[in-house]
Amino acid sequence: MDTPNQKFNTAVSPTWCPGCGNYGIWQALKTALFELRLETHQVFISYDIGCFGNGCNFTKTYAFHSLHGRALPPAAGAKLGNKNLTVLALSGDGGAYGEGIQHLIHSARYNIDVAYLVANNQRFSLTAGQASPTTRANAKTPTTPFGEIKQPINSLLLSLMSGTTFLARGFAGDQKHLAEIIKQAIEHKGFAHIDILQPCVTFNKENSYEWYKNVIYKLEEHKYNPSDRKKAIEKTQEFELENKMPIGVIYKEDRKTYEEQIPQLEEESLCYQKLDKINSLQK
Ligand SMILES: Cc1ncc(C[n+]2csc(CCOP(=O)(O)OP(=O)(O)O)c2C)c(N)n1
Ligand code: SF4
């Protein structure tokens with residue numbers, strides 16, 4: 001298996017629209033797994049329902065196609081069941097910041113060792129482009145024909161305030177940069193959240209590759225220190241205040257993971273333990 005595609009592609013071809021940002025994210029993800037020398041049986045990915053979630057069919061690792069908004073709970077379960085696995089959860093912004101927002105908050109609090117990749121196209125795309133929690137004010141969509149009147153959610157700030165120990169933003173149009181962020185998120189011990197700017201070329205004509213290229217810049221080119229929490233809070237609000245979007249690692253902190261603090265998991269994973277040992281710990 002000499003290339004990421006040979007190693008991680010299934011026999012099923014992607015059904016995404018030509019030009020969809022999901023292709024770039026998918027390639028970056030496979031590159032990251034490949035460069036970390038992970039084998040298909042060492043990786044578990046929990047997928048949301050949606051265009052991005054359909055990657056479940058095309059990617060060869062252990063996998064679970066969850067319910068809409070619910071990619072994180074099965075990921076947490078897999079990590080608690082077998083802490084040796086590299087665990088990721090993949091979701092669109094609708095599922096991650098709408099139906100499943102509570103799972104983001106609590107996964108961050110727990111600091112469970114899961115890398116959460118959110119393809120943010122500012123729409124519910126699989127169901128034909130309705131406004132999602134990240135849709136910008138005034139945007140016209142099938143559910144906001146006169147323009148969106150609600151404020152978009154600041155998911156990065158919410159995530160940081162909830163306790164996320166690795167927070168980043170990536171761009172689907174810069175695969176190399178995104179692959180590096182994904183590698184760091186996987187290697188981080190704790191909850192890692194990457195919001196990925198993902199053009200939906202079919203249902204979001206405004207936030208195109210060109211539009212993003214005009215507002216993004218790379219944090220690492222500005223001597224940015226991701227351990228500075230105050231600066232990180234500022235960075236998560238830069239778009240609202242200055243119309244600029246930093247990409248790269250926004251915040252990073254070392255904190256014990258949830259599973260590291262469970263005495264029953266200290267020696268070995270649940271899946272390798274005998275039931276009588278688990279019962280004796282309960283007494
Ligand atoms: C609880 C629930 N609400 C709504 C739906 C319908 N539904 C399925 S996919 C989808 C849109 C997904 O949008 P998003 O999560 O942003 O992912 P994308 O398709 O943009 O990748 C919706 C609304 C559902 N399946 N379950
Ligand atoms: S509808 Fe949008 S997000 Fe879905 S596959 Fe097409 S371009 Fe991608």
Side-chain angles (χ1 to χ4, degrees), residues 1-66 71-72 74-92 95-96 112-121 126 166 168-199 247-249 259 269 271-272:
M1 298 293 174
D2 294 333
T3 67
N5 288 349
Q6 283 172 347
K7 195 167 184 180
F8 293 108
N9 280 7
T10 65
V12 182
S13 296
T15 47
W16 294 315
C17 310
C20 174
N22 285 335
Y23 287 101
I25 306 176
W26 188 47
Q27 211 55 46
L29 171 63
K30 290 183 289 183
T31 301
L33 298 174
F34 186 81
E35 290 182 359
L36 290 174
R37 299 176 187 275
L38 287 160
E39 299 301 325
T40 51
H41 68 274
Q42 295 173 313
V43 181
F44 172 91
I45 306 182
S46 174
Y47 294 83
D48 204 314
I49 301 297
C51 289
F52 188 45
N54 284 347
C56 188
N57 302 315
F58 327 136
T59 319
K60 199 198 292 172
T61 67
Y62 281 114
F64 185 83
H65 211 161
S66 68
L72 280 171
K79 191 71 196 181
L80 291 177
N82 185 354
K83 61 181 180 173
N84 303 326
L85 284 172
T86 291
V87 178
L88 296 98
L90 270 54
S91 178
I112 191 107
D113 188 13
V114 168
Y116 193 28
L117 275 53
V118 181
N120 185 351
N121 55 29
L126 188 74
F166 181 101
R169 188 192 266 134
F171 175 43
D174 191 338
Q175 279 174 40
K176 205 164 164 245
H177 185 253
L178 180 57
E180 284 307 314
I181 299 175
I182 298 174
K183 274 161 62 178
Q184 289 185 52
I186 290 173
E187 287 187 314
H188 175 73
K189 282 264 152 235
F191 186 66
H193 172 198
I194 313 175
D195 183 84
I196 305 167
L197 305 169
Q198 180 242 326
I247 59 170
V249 181
E259 61 276 17
S269 285
C271 66
Y272 296 118

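A quick note: this is a predicted structure, and the numbers were derived from the prediction, not measured.
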* **Results of ring-ring contact (aromatic ring centres under 6.0 Å, His included) for F171 - residues two or more places apart only** =>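 So F171 forms a ring-ring contact (aromatic ring centres under 6.0 Å, His included) with Y212.
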* Asked: Side chains of Q198 and N121: do they bring a donor and an acceptor to under 3.5 Å?
  -> yes
* Is a side-chain donor-acceptor pair under 3.5 Å present for Q27 with N5? -> yes
* Asked: Between V114 and L88, does a side-chain contact (heavy atoms from CB on, under 4.5 Å) hold up when you go through it step by step?
  -> CA-CA 5 Å; V114 168; L88 296 98; 5.7 Å; no
Rounded distance (nearest 0.5 Å) linking atom [atom1] of [X] with atom [atom2] of [Y]:
| X | Y | atom1 | atom2 | answer |
| --- | --- | --- | --- | --- |
| L80 | L85 | CG | CG | 11.5 Å |
| T31 | L178 | OG1 | CG | 9.5 Å |
| D48 | L126 | CG | CG | 10.5 Å |
| Y116 | D195 | OH | CG | 10.5 Å |
| S91 | I49 | OG | CD1 | 10.0 Å |
| H177 | E180 | NE2 | CD | 9.0 Å |

* Where do L117 and I196 land on the side-chain contact (heavy atoms from CB on, under 4.5 Å) test, with the steps shown first? -> CA-CA 7 Å; L117 275 53; I196 305 167; 4.1 Å; yes
* To do: Mind jotting down which residue pairs meet the salt bridge (Lys or Arg N to Asp or Glu O under 4.0 Å) criterion with at least one end in residues 14-27? Sequence neighbours excluded, please.
  => none
* So which of F52, W16, Y23, Y47 actually passes ring-ring contact (aromatic ring centres under 6.0 Å, His included) with F58? ->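 For F58, the ring-ring contact (aromatic ring centres under 6.0 Å, His included) test succeeds with only one of F52, W16, Y23, Y47, which is W16.
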What are the two closest non-hydrogen atoms of [X] and [Y], and how far apart are they?
| X | Y | result |
| --- | --- | --- |
| A63 | C56 | CB-SG, 4.1 Å |
| V87 | A75 | CG1-O, 3.5 Å |
| I25 | A172 | CG1-CB, 3.7 Å |
| V249 | F166 | CG2-CZ, 3.7 Å |
| A32 | A179 | CB-O, 3.7 Å |
| G53 | H65 | O-NE2, 3.4 Å |

Measure the shortest side-chain to side-chain distance between [X] and [Y] over non-hydrogen atoms and say whether it is less than 4.5 angstrom.
| X | Y | result |
| --- | --- | --- |
| F8 | T61 | yes |
| I194 | R169 | no |
| I186 | L36 | yes |
| F34 | L29 | no |
| I45 | L90 | yes |

When you measure from the side chain of [X] to the backbone of [Y], do you find a donor-acceptor pair of N or O atoms at a distance under 3.5 Å?
| X | Y | answer |
| --- | --- | --- |
| S46 | A71 | yes |
| T86 | V43 | no |
| Q42 | E39 | yes |
| Q6 | T3 | yes |
| T10 | K60 | no |

* Run the side-chain contact (heavy atoms from CB on, under 4.5 Å) check on K7 and K30 step by step: do they pass? -> CA-CA 8 Å; K7 195 167 184 180; K30 290 183 289 183; over 6 Å; no
* Could you walk me through whether L33 and I182 pass side-chain contact (heavy atoms from CB on, under 4.5 Å), step by step? => CA-CA 9 Å; L33 298 174; I182 298 174; over 6 Å; no
